[in-house]
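Worksheet for the structure shown next.
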Amino acid sequence: MKLAPLALLLAASVLPPPARADLERLPVVELTAFKDGHALVRREGTAPLQGGVARVDGLPEPVFGTFWPYAAGEGVELKSATAGYQAVTLTRTPLSAEEILTAAAGTRIVVHESRGEEDISYPATILGRPTRSAEEQDRNDRNPAAGGGQPTLPVRGPTILLQTEQGVRVVPIASINEFTLVGPVPKTIEEQVVKTGLKLRVIGAEPNAEATVGLSYVQKGFKWVPQYKVSLGKDGRAKVVLQAALVNDLIDLDDATVRLVVGVPTFAFAGQTDPISLQVAYDQVNQARRLNEFSDFDGDGLMLSNSIQTQVRSLGRSGAQSAEAPDPEVTGGTRAEDLFVYTLEHVTLAKGERMTVKVKEFDVPYEDRYEALLPLVPPRELLSDDNERRRVGSLVAASTVRHSVVLTNVTDAPFTTAPALLYRDGQILAQSLMTYAAPGGTAEVNLGSAVEVSVDLEESITGRKPEPNLRGMDRFERIALRGTIEITNRRPEATTIRLTKLVPGEVDSATHPAEDQQAERRELGPADMADLPDGAVNLSRYGVPNWWVSLNPTTEVVWELTVPPGETVEVSYQWHYFWRW
């Protein structure tokens, strides 16, 4: 029997790999999370050196220009980092009949083989499966001018060699119905796959000792979502609680430090992936894995995957949090230029999991604010028919008094833009949006319409006067108008309202119910107009002529009114505009 060449061939396919560290197991020691889903990841661990080179399986997918590997230790320095493809030998439990037969080389079995309609049984010894080694394929098939690339994998044939009394039988594996192992059942099988990885060349350390190596990079897939709960007290103080929802679609965290950033990050190359990831050649790597068409290890594809948000976790890794994992602890917050950073220690969160954690509690003053914005009513000359007049009337009728809460930030940390739940006396009032407020600033949180406070508007023309030569132009008329607004307060307490009316023209006078106060009047400029809702000031939809803008300003009249409970207060204003016939 010529078994020696076969034995050498089989042994060549399972050569032990060089010592290496697994990127999946290079722990995250620190992660800085931004609200847009980017995260600065710092991973560090000990890796064995071979000739001064540490091998790390797997590659991140960093934002272009953010990948910075390093080596730590006194006198130790990282000289270079090379990304490439590596043939890695994995040890696994055989699951299929094909895998058990492959792993049981040298074991005696009783084979139950199918031959047409006949099933036969016979004893044999498994010699192994014919395999083309990587070296043979490279020697015969690879074009030297093509350069390197991903390593070649051994390819096993579809048959198995069985030593019987008659000789060596070559049997298609698919024809074996079942078999009985006379010897021990193999518990493991070795399989080679192609994986991406790094070679870190380290100087200043013993060439074959161990070194502390690390990777720092920005990658998308982990974000934090701020959430606020605002409890309004009767003493003008509000209890504001900031909660962080951590969304981890990137990487397992085990007792890591997580920093939560408040502010707008700048990643100029956020849409580009760093070349170190080898992402452009991913499909080629995956095809190389499939060279072994008879492998049942579908999980290999997961190891090659460069996907981030939708990536599933590798098989065999448990997502459960360890019972010994400490609870996350907020250890403080600091300012970094235009950003503010909260620090959470001892965060354990598997990829695919979510976590909420209380970050900070504030006690700040607040005040209730009631506001009404009455939109600009177009001149009747621009309303061509009754349908447009009804539409304008509906727009005015829909004007309501808005109730909001103004929080004054007297803390050392900013309020960030986030959803907020508002409570008063334990009763939920609304869910709204907390706006950004730096320390010393204010944040206004909308509670909705104040249904117990109403406003009613009425406007009418009081006179017309010809203007025969207005700025050198003829056929103009000065049209005078008067408007009245009634504010009714059905709340059980007095309510102070800020009432704003937009007027198409120049306001001549405005009354105020209080003797010691008066209405504020001012013409609005382009910047003022930009801050107002489009539906409140837009005249272009009504076909306003070009000369209108130069002759007729848009004016804002503002009243601060305190309306007693159950009473109605009336204000009036007079204005004019010019119209060309």
Side-chain angles (χ1 to χ4, degrees), residues 371-400 454-487 497-513 517-561 568-581:
E371 295 178 296
L373 174 63
L374 298 182
L376 183 149
V377 178
R380 66 174 60 187
E381 291 83 3
L382 294 178
L383 304 178
S384 58
D385 54 38
D386 289 339
N387 288 333
E388 285 194 348
R389 293 179 182 179
R390 280 194 292 267
R391 182 172 63 182
V392 172
S394 298
L395 180 65
V396 174
S399 302
T400 59
S454 61
V455 291
D456 294 298
L457 170 68
E458 182 179 340
E459 293 181 335
S460 60
I461 295 177
T462 59
R464 297 175 183 269
K465 177 183 177 182
E467 295 283 347
N469 189 20
L470 182 64
R471 297 187 186 177
M473 299 181 287
D474 59 2
R475 299 173 55 202
F476 276 91
E477 190 176 46
R478 185 181 191 275
I479 302 175
L481 304 96
R482 184 177 187 274
T484 59
I485 305 173
E486 291 185 346
I487 307 98
I497 302 170
R498 180 181 175 87
L499 176 64
T500 302
K501 177 66 180 76
L502 302 177
V503 178
E506 183 176 346
V507 174
D508 301 311
S509 63
T511 66
H512 197 288
Q517 299 183 41
Q518 59 183 1
E520 296 180 7
R521 292 174 288 167
R522 68 185 182 104
E523 295 183 7
L524 300 181
D528 300 315
M529 304 279 277
D531 291 335
L532 293 169
D534 185 62
V537 294
N538 188 2
L539 284 181
S540 61
R541 70 177 67 178
Y542 304 103
V544 61
N546 292 333
W547 52 261
W548 171 273
V549 178
S550 63
L551 293 179
N552 299 295
T554 298
T555 307
E556 176 187 74
V557 187
V558 180
W559 295 268
E560 290 281 349
L561 304 168
T568 298
V569 171
E570 180 181 288
V571 296
S572 63
Y573 51 98
Q574 295 182 1
W575 84 101
H576 69 271
Y577 61 83
F578 297 99
W579 185 258
R580 186 178 187 183
W581 296 101

Side-chain heavy-atom pair [X], [Y] within 4.5 angstrom cut-off:
| X | Y | answer |
| --- | --- | --- |
| Val544 | Pro379 | no |
| Val571 | Pro513 | yes |
| Leu551 | Phe476 | yes |
| Thr568 | Glu570 | no |
| Leu502 | Leu524 | yes |
| Glu459 | Lys501 | yes |
| Val558 | Arg498 | yes |

Value rounded to 0.5 Å, distance of [atom1] in [X] from [atom2] in [Y]:
| X | Y | atom1 | atom2 | answer |
| --- | --- | --- | --- | --- |
| Arg478 | Glu467 | CZ | CD | 7.0 Å |
| Leu376 | Thr554 | CG | OG1 | 5.5 Å |
| Asp528 | Glu523 | CG | CD | 10.5 Å |
| Ser460 | Leu481 | OG | CG | 7.5 Å |
| Gln574 | Arg482 | CD | CZ | 6.0 Å |
| Thr484 | Leu457 | OG1 | CG | 7.0 Å |

- request: Looking only at non-hydrogen atoms, find the nearest pair between Ile461 and Arg380 and report the distance.
  value: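 For Ile461 versus Arg380, the nearest heavy atoms are CD1-NE, 3.6 Å.
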- prompt: Shortest non-hydrogen contact from Val455 to Ser399?
  reply: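 Val455 and Ser399 have their closest heavy atoms at CG2-O, 3.9 Å.
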Take atom [atom1] of [X] as the centre, draw a 6.0 Å sphere, and report whether it contains more than 12 heavy atoms from other residues, nucleotides or ligands.
| X | atom1 | result |
| --- | --- | --- |
| Gln518 | CD | no |
| Glu458 | CD | no |
| Arg464 | CZ | yes |

Under 3.5 Å donor-acceptor, [X] side chain and [Y] backbone:
| X | Y | result |
| --- | --- | --- |
| Thr500 | Leu373 | no |
| Arg521 | Asp508 | yes |
| His512 | Glu520 | no |

- request: Verify side-chain contact (heavy atoms from CB on, under 4.5 Å) between Ile485 and Trp559, making sure each step is shown before the conclusion.
  value: CA-CA 11 Å; Ile485 305 173; Trp559 295 268; 4.0 Å; yes
message: Over 60° means perpendicular and under 30° means parallel, so tell me whether Trp579 and Trp547 are parallel, tilted or perpendicular.
response: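 Answer is perpendicular, since the angle exceeds 60°.
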- request: Evaluate ring-ring contact (aromatic ring centres under 6.0 Å, His included) for Tyr577 paired with Trp575, printing each intermediate quantity in order.
  value: CA-CA 7 Å; Tyr577 61 83; Trp575 84 101; 7.3 Å; no
